[in-house]
Amino acid sequence: MSKTLSFPPVYKHEFQQASENLRQSLLLANRHKTPITPVNYAVWYEYVSGDNQALMNSIDTRLKKNEAITSEVTQYLYEKYVLMGMPERLNNTNNGLKLVVDNTLENLSKVEATASQCSQGLMQSQAQLETCNDIDELKTLVNQILINTQQISSSSGELKSELTRSTEEIMKLRQELESVKEMARTDSLTGLLNRGAFDNELQYLCSKGYSFSLVLFDIDNFKRLNDSFGHLLGDKVLQFFASLLKNQCNDIHLAARFGGEEMAMIFMHSSLEETFMITESIREKFSESRLKKKGSNESIGQVTVSAGISSYQDKDSPISLIERADQALYRSKTGGRNQVNFI
Ligand SMILES: Nc1nc2c(ncn2[C@@H]2O[C@H](COP(=O)(O)OP(=O)(O)OP(=O)(O)O)[C@@H](O)[C@H]2O)c(=O)[nH]1
């Protein structure tokens, strides 16, 4: 079991694997003389675990060029590939918002100054009008009033277009925030919810006591498929299976990458029997798909999936629900794979 590429990172290594990763990380940290800080350790851990391809590529490229991996480099790698650029994007959005607010305040105070100047001018004209009975003097007063009102009108016109620009800028920043938020919930390989977001949803649904069913899927003999056709093709199979799950979501149900080659779905307001029917149709569709190697007509043969279902019962917690679905999934695996069971 591996790490799911997501933000925040989720690691699912077994004890032995994690200990081996620790041993190798320490060796590398020592060799590159990077102190064992949490940031350096996270970078080396991800590197040796082999689960973060982009980070590995970046480090390997530097090593090939004999570049030193200093703590500055690991800090950069950590933000870019472990935190997936999240702090930088949030910081940019934050600075952008500050700029818009500063500009708007500056424009408002300019308009305020012009308005107060003009209102003083108008008050003066008002006082002069009381006593004015000369045509030329009246003409001068009318001109003065015109200048003052034009000044107000033009400065409020400028403010209007500034405010329109600010609104556009704020809308862009809001979109950027939405996309950062979405990215934090999404598994980058499959586009499904990541494990962290899925756990939150499950926790919420259990706390509300809504009626729903949980399905755990595990692609069969996936290691063999990776070994025979390569990791990249394995990724394509994961993406294809995820697309089958997405098709079932209809904005009501949820689909997530649960871990490595495991995915999960939550079917809202669906009984065990209803969920079983839909899960069976997904299983059947997947087993009937004949996936081919890219650039050739060679089929990779039949790929199948096993699934286990549990339905929310009164007082269920995410753990008890997952445990039942996991037991049902285990039944499907030991029963010969390519099947669906529920408990
Ligand atoms: N291509 C690819 N492989 C992954 C990914 N995540 C996990 N895997 C691989 O999935 C495989 C899971 O293997 P196992 O847990 O042994 O299970 P399995 O071979 O599917 O066997 P059964 O589950 O018993 O049918 C491992 O080889 C992992 O390296 C991924 O993101 N991409």
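Values below: every heavy atom of this structure, side chains too, minus hydrogens, waters and symmetry copies. Note that ligands are numbered from 1 as they come in the structure, with each ligand's atoms numbered from 1 the same way.
- In this structure, Val73 and Thr34 have side chains that are not in contact, with every pair of non-hydrogen atoms separated by 4.5 Å or more.
- No cation-pi contact links Arg257 to Phe198, judged by a cut-off of 6.0 Å to the six-membered ring centre and 45° from its axis.
- Using a 4.0 Å cut-off between heavy atoms, Asp235 contacts ligand 1 through both its backbone and its side chain.
- If you look at Arg257 next to ligand 1, the close heavy atoms, those under 4.0 Å, all belong to the side chain.
- Looking at Val237 against ligand 1, nothing comes within 4.0 Å, counting heavy atoms.
- Between atom CE of residue Met268 and atom CG of residue Leu205 there is a gap of 5.0 Å, rounded to the nearest 0.5 Å.
- Each of the following atoms of ligand 1 lies closer than 4.0 Å to a heavy atom of Arg337: 22 (P), 24 (O), 25 (O).
- For atom 23 (O) of ligand 1, the nearest non-hydrogen atom from the set Glu262, His231, Lys333 comes from Lys333.
- Of the listed residues (Tyr330, Phe229, Phe222), the one carrying the non-hydrogen atom nearest atom 10 (O) of ligand 1 is Phe222.
- Side-chain contact annotation: Asp235 with Gln239, donor-acceptor N/O pair under 3.5 Å absent.
- Atom-to-atom distance recorded for Phe286:CZ and Phe241:CZ is 6.0 Å, nearest 0.5 angstrom.
- Atom numbering of ligand 1 starts at 1 in the shown order; those under 4.0 Å from a heavy atom of Leu238 are 30 (C), 31 (O), 32 (N).
- Neither the backbone nor the side chain of Leu232 has a heavy atom within less than 4.0 Å of ligand 1.
- Of the inter-residue distances, the one linking Lys236 atom NZ with Phe229 atom CZ reads 15.5 Å to the nearest 0.5 angstrom.
- Contact annotation: the side chain of Ile266 never approaches that of His253 to less than 4.5 Å [non-hydrogen atoms, C-beta and beyond].
- Near Gly234, the atoms of ligand 1 lying under 4.0 angstrom from a non-hydrogen atom of the residue are 1 (N).
- Nearest to atom 9 (C) of ligand 1 by heavy atom, out of Leu225, Asn221, Asn226, is Asn226.
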